[in-house]
Amino acid sequence: MAHHPETGEGHPADDLERINGLMADWAARSAATSESLLERFEAMGYEVRGKAEDEIAEVLRRPPTKAKR
């Protein structure tokens, strides 16, 4: 976590990208074995159908590309 130069404390926004990446990895692992989770991501606008776990993680790191169903 990045530290504030004056207080030495971290700021939550500094870790947002890293945390989002970790969440995408976790969600991709879960989606790789769950048809219902794949359906949910597709309904949210993420094009994950037919993709491998690492490809799903990359898709989930970005905003959805399709309109919600």
Original post:
Does a salt bridge link Arg61 with Glu17, judged by any charged N lying under 4.0 Å from a carboxylate O?
Top reply: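 No, Arg61 and Glu17 are not salt-bridged.
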Minimum heavy-atom distance between [X] and [Y], given as atom pair plus value:
{"X": "Tyr46", "Y": "Pro63", "result": "CE2-C, 4.0 Å"}
{"X": "Ala27", "Y": "Leu37", "result": "O-CD2, 4.0 Å"}
{"X": "Ala57", "Y": "Ala28", "result": "N-CB, 3.5 Å"}
{"X": "Arg49", "Y": "Glu42", "result": "N-OE2, 2.8 Å"}
{"X": "Thr65", "Y": "Glu47", "result": "OG1-OE2, 2.7 Å"}

Original post:
Looking at OG of Ser30 and CZ of Phe41, how far apart are the two atoms once the value is rounded to the nearest 0.5 Å?
Top reply: 7.5 Å
Original post:
Do the side chains of Ile56 and Leu38 get nearer than 4.5 Å, heavy atoms only?
Top reply: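 Side-chain contact under 4.5 Å: yes.
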Original post:
Can Met44 be reached from Val48 by stepping across I, L, V, M, F, W or Y side chains whose heavy atoms are under 4.5 Å apart?
Top reply: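 Yes, because Val48 and Met44 connect within a single hydrophobic cluster, where side-chain heavy atoms sit under 4.5 Å apart.
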